[in-house]
Amino acid sequence: MQERLQARPRAGSRRVGSRLKALLQGNSAMQVDAVWTNLHLATLDTPSGYGEIEDAAIAVRDGRITWLGPRARLPQNLQSAVSHDGGGGWLTPGLIDCHTHLVWAGSRADEFERRLQGASYAEIAAAGGGILSTVRATRAADEQALYEQSLRRLHALSAQGVTSVEIKSGYGLELHAERRCLRVARRLGSEQRVHVTTTFLGAHTLPPEYAGRADDYIDALATTLLPALHAEHLVDAVDGYCEPIAFTPAQLRRLFDAARMLGLPVKLHAEQLSDGGGAQLAASVAALSADHLEYVSDAGLAAMAGAGTVAVLLPGAYYALRETRAPPVAAMRRLGVPMAVATDCNPGTSPCASPLLMLNMACTLFGLAPDEALAGMTRHAARALGLHADRGRLAIGLRADFALWDVAHPRELAYWIGGRSCVGRVVDGVPVEAT
C-alpha cells in the first residue's frame with residue numbers, strides 16, 4: 001500500500017486534481033508543493049485527545065505545513081503541482097523515538113538467560129557484564145560494521161512510522177570509540193530519510209581503565225571528550241546515568257555544568273533502579289528530560305513539574321528487567337509532567353525496535369490511555385528533544401513529517417500488540433519509499 005503516498009502529477013489525478021482546479025479562483029494563487037486528500041488527520045495539537053479532523057486535507061510547501069483542515073474548506077486559490085491520495089487512512093505526525101542507544105555491536109542474549117535464572121541487573125554489571133560487555137564489542141567493531149548493524153535497527157523503527165530519532169553514544173567510553181559511534185549516528189541521519197539527533201552519553205558507566213576513579217573519569221569527560229566531540233559537531237545534547245552502579249548527582253552536575261558552558265542541553269537517566277535524587281538534579285539544571293523514573297519520589301516529580309522537564313517512560317526496559325514498580329503515572333498527570341514514550345532500543349535491557357509495541361506497553365503496563373501514549377511518541381517526545389516548536393504535531397508552520405496508517409481510528413496504534421507497519425512516511429514534505 002506504499003503507493004498511497006507516491007507523488008502523482010495533477011494531470012494524472014483526475015478526481016483530486018479536478019477538484020483543486022475547480023477551487024482555483026481569484027487573482028492571488030496559494031502555491032504549494034503538494035497536497036494530500038482522502039484521509040483523516042490526528043493532529044495531536046490539542047492538550048488531550050487526538051485532535052481529529054475527518055475527511056481532511058493537508059498542504060505542504062518548502063518542507064513545512066502550509067494548510068490543513070476539512071477537505072471541504074480547501075482554499076479556493078490553492079494551487080499544487082502534485083497531489084496524493086491518502087486512501088482513506090489516518091495521518092499522524094511522524095513518530096519520534098526520543099530515547100535510543102541505537103549504535104552498538106554484539107549481543108547480550110546470554111544476560112537475558114542469566115536474569116531469567118535469577119541474577120539481577122546490578123549483579124550482572126558487577127561481574128563485568130551489562131554495559132561493559134557491549135563496550136568491549138563496540139570498541140572492537142569498525143565504523144562500517146557499526147553502521148551496517150545500526151542501519152537494520154533504524155529501518156525497523158522507520159517501518160513503524162518513525163521520522164525522528166535520538167541516538168545516544170555511551171558504548172565507547174573513550175574518545176576514539178565514542179567518536180566512532182557518534183559519526184555513525186550522524187551518517188545515519190545524512191544517508192537515511194530520518195532526522196537524527198545525537199546525545200553524548202559518556203557517563204554511561206565507568207570504563208575498566210578508570211576502575212575506582214569515577215571522579216577522574218568525569219573530569220576527563222568534562223574537559224577532554226565532550227569539548228573535542230562538540231568541536232567536531234557530533235553532539236546535540238548530553239546525558240548521564242544516575243544510579244549507585246553508575247554516577248552520583250554531584251558527579252553528573254559537574255559534567256552538566258561543562259555541557260551548559262558549551263551551550264548544550266542535558267537530559268538524565270534517573271531513578272530506574274532506586275531513588276538517587278536524579279529527578280531533582282535534572283530539574284535543577286533545566287534538563288530536557290528525566291528518563292525511566294520507576295523510583296522517582298514525589299519531591300522529584302514536583303521539581304520536574306516546576307522546571308518543565310519531560311518524563312520519558314521506557315516500558316521496554318521495565319518489561320525486560322521484570323520490574324514490579326511502575327513509574328507513578330497518576331502523579332505525573334496530577335502535577336502536569338509531560339510524559340513521553342520511547343523504545344530505549346539497546347542490547348541489554350530493551351532489545352526492541354518496535355515503537356508501536358511501546359505504545360501498547362505504555363498502556364497495558366503503565367496505565368496510559370491510547371491518546372496519551374501517542375502524544376508521548378509525538379508531541380511530548382518532541383519536547384523531550386527540545387524540538388517541540390518544529391515537529392511532533394500537525395500544525396501550520398511545523399515540519400511536514402507524517403506517518404500514514406491503514407487503521408479505522410488512531411487508537412488502534414496502541415491497541416495492536418506490536419502494531420502494524422505504517423502505509424508510508426513523509427519526511428520534510430517528501431514521501432519516502434519503504435525500506
Side-chain angles (χ1 to χ4, degrees), residues 97-101 108-127 129-131 133-134 168 170 201 204-205 239-247 267-282 289-301 304 309-333 337 339-369 372-373 376-377 380 384 414 417-418:
D97 198 348
C98 66
H99 182 131
T100 84
H101 305 253
R108 281 157 59 187
D110 59 325
E111 294 179 13
F112 174 67
E113 287 186 327
R114 291 174 62 189
R115 286 199 303 271
L116 293 176
Q117 294 164 359
S120 71
Y121 180 68
E123 289 169 343
I124 292 171
I131 296 167
S133 174
T134 302
K168 303 178 190 292
L201 183 56
H204 200 185
T205 195
D239 197 350
Y241 189 22
C242 186
E243 285 287 348
I245 64 172
F247 300 99
K267 54 188 69 176
L268 186 66
H269 287 60
E271 335 298 37
Q272 180 186 11
L273 307 174
S274 63
D275 178 13
Q280 288 96 322
L281 168 63
S289 70
D291 304 24
H292 288 291
L293 299 172
E294 283 86 341
Y295 288 84
V296 67
S297 66
D298 291 342
L301 279 184
M304 288 175 59
T309 297
V310 176
V312 178
L313 306 182
L314 304 170
Y318 173 91
Y319 171 81
L321 292 175
R322 296 191 294 173
E323 267 289 351
T324 57
R325 178 163 171 164
V329 165
M332 293 176 185
R333 284 196 196 105
V337 177
M339 293 180 287
V341 178
T343 64
D344 193 14
C345 180
N346 76 73
T349 61
S350 190
C352 176
S354 173
L356 296 181
L357 178 58
M358 295 302 99
L359 295 184
N360 178 271
M361 284 187 173
C363 296
T364 58
L365 300 180
F366 292 168
L368 270 66
E372 288 180 308
M377 205 167 271
H380 297 317
I417 300 175

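Note that this is a predicted model, so its numbers are computed, not measured. Numbers here are sequence positions counted from 1.
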Can you give me the closest heavy-atom contact between [X] and [Y], atom names plus distance?
X	Y	result
Pro328	Leu301	CG-CD1, 3.7 Å
Ala282	Thr309	O-OG1, 4.1 Å
Glu111	Ser133	OE2-CB, 3.7 Å
Ala119	Ile124	CB-CG1, 4.0 Å
Gly170	Ile131	O-CG2, 4.2 Å
Ala270	Ala290	CB-CB, 4.3 Å

TODO: Would you kindly say whether His269 and Asp291 are connected by a side-chain donor-acceptor distance under 3.5 Å?
DONE: no
Task: Derivation and outcome, side-chain contact (heavy atoms from CB on, under 4.5 Å), residues Lys168 and His204 - done: CA-CA 10 Å; Lys168 303 178 190 292; His204 200 185; over 6 Å; no
Open item on the list: Test side-chain contact (heavy atoms from CB on, under 4.5 Å) on His292 and Glu243; report intermediate values, then the result.
Closed with: CA-CA 12 Å; His292 288 291; Glu243 285 287 348; over 6 Å; no
TODO: Report, as yes or no, whether the 6.0 Å neighbourhood of atom CG on Asp298 holds more than 12 heavy atoms from other residues, nucleotides or ligands.
DONE: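 No, because the 6.0 Å sphere around CG of Asp298 holds 12 heavy atoms or fewer from other groups.
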- [ ] Return yes if some donor-acceptor pair links the side-chain N/O of Gln280 with the main-chain N/O of Ala299 below 3.5 Å, else return no.
- [x] no
Task: Donor-acceptor contact below 3.5 Å, side chain Thr343 vs main chain Cys345 - done: yes
Quick check: do [X] and [Y] have side-chain heavy atoms less than 4.5 Å from each other?
X	Y	result
Asp344	Thr100	no
Ser274	Pro244	yes
Ser350	Leu314	no

- [ ] Any side-chain hydrogen bond (donor to acceptor under 3.5 Å, both in side chains) involving residues 351-366? Give me the pairs, sequence neighbours left out, ordered by first then second residue.
- [x] Gln160-Ser354
Pairwise distance [atom1]([X]) to [atom2]([Y]) - rounded to 0.5 angstrom:
X	Y	atom1	atom2	answer
Leu293	Met339	CG	CE	11.5 Å
Glu372	Leu359	CD	CG	12.0 Å
Leu281	Phe247	CG	CZ	13.5 Å
Thr324	Glu294	OG1	CD	10.0 Å

TODO: Check the pair Met358, Asp97 against side-chain contact (heavy atoms from CB on, under 4.5 Å), reporting the backbone distance first and the verdict last.
DONE: CA-CA 10 Å; Met358 295 302 99; Asp97 198 348; over 6 Å; no
- [ ] Using the test ring pair (Phe, Tyr, Trp, His ring centres under 6.0 Å), find all partners of His380 that sit at least two apart in sequence or belong to another chain.
- [x]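 Once residues adjacent in sequence are excluded, His380 has no partner under the ring pair (Phe, Tyr, Trp, His ring centres under 6.0 Å) criterion.
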TODO: Return the set of residues passing ring pair (Phe, Tyr, Trp, His ring centres under 6.0 Å) with Tyr318 (not counting sequence neighbours), or none when no residue passes.
DONE: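 Here the qualifying residues are Phe366.
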Open item on the list: So, using salt bridge (Lys or Arg N to Asp or Glu O under 4.0 Å) as the criterion, who are the partners of Lys267 when residues are at least two apart?
Closed with: Glu166
Task: Residues that Tyr241 engages under side-chain hydrogen bond (donor to acceptor under 3.5 Å, both in side chains), provided they are two or more places apart - done: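 With neighbours one apart ignored, the set is Gln272.
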Task: side-chain hydrogen bond (donor to acceptor under 3.5 Å, both in side chains) partners of Thr134, counting only residues at least two apart - done: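 Testing Thr134 for side-chain hydrogen bond (donor to acceptor under 3.5 Å, both in side chains), a comparison that skips the adjacent residues, returns Arg108.
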Task: Criterion side-chain contact (heavy atoms from CB on, under 4.5 Å) on Met377 and Leu356, from CA distance to verdict - done: CA-CA 9 Å; Met377 205 167 271; Leu356 296 181; over 6 Å; no
